[in-house]
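Below is one structure, written out as structure tokens; comments come after it.
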Amino acid sequence: LDMIIIAQALLGYRQANGMLPQSLQDLVPAQLPVLPLDPESGTSYEYDPEAPGFGLSRPVQEDAPSPLEPPPDTPQAPVDMAFSCSIVEC
């Protein structure tokens, strides 16, 4: 949900300023009162204004196990999929 809110704020910024912001922090306070943090890592979402449209993704955790591969001792383990978003043009 946070990524959808951030994506909408990015599009609002682009509409108001004619271009995307250079960083997510540029959205505060005009587009967002505070910048949401990733609930698992407690850090900022990753944003790439140079990606086609723009790139927005969850932060990569170097020491975290892959969310796509459940532990071998848990055959029916739920999978927490990584999510990334790119919007080309609206």
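We're numbering straight along the sequence, starting at 1.
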Please report the interatomic distance [atom1]([X]) to [atom2]([Y]), rounded to the nearest 0.5 Å.
| X | Y | atom1 | atom2 | answer |
| --- | --- | --- | --- | --- |
| F54 | L10 | CZ | CG | 4.5 Å |
| I6 | L1 | CD1 | CG | 10.0 Å |
| E50 | Q22 | CD | CD | 6.5 Å |
| R14 | M19 | CZ | CE | 12.5 Å |
| I5 | L35 | CD1 | CG | 11.0 Å |

_Restricting to non-hydrogen atoms, name the atom on G42 and the atom on L37 that form the minimum distance, rounded to 0.1 Å._
O-CD1, 3.4 Å
*Minimum-distance pair of heavy atoms, taken over all atoms of P21 and D26*: CB-CB, 3.6 Å
*Could you list the residues that satisfy side chain to side chain donor-acceptor pair (under 3.5 Å) with Y45, not counting sequence neighbours?*
D2
*Sequence neighbours left out, what passes side chain to side chain donor-acceptor pair (under 3.5 Å) with S23? Give chain and number order.*
none
*Under the side chain to side chain contact (heavy atoms under 4.5 Å, CB included) criterion, do S44 and D38 qualify, and how do the steps go?*
CA-CA 6 Å; S44 297; D38 175 58; over 6 Å; no
*If we only count heavy atoms from C-beta on, is the V28 to P33 side-chain gap below 4.5 Å?*
no
*If we only count heavy atoms from C-beta on, is the L24 to L56 side-chain gap below 4.5 Å?*
yes
*For N17, which residues count as a side chain to side chain contact (heavy atoms under 4.5 Å, CB included) partner, sequence neighbours excluded?*
Y13
*Looking at residues at least two apart in the chain, or sitting in another chain, which of them share a side chain to side chain contact (heavy atoms under 4.5 Å, CB included) with Q8?*
I4
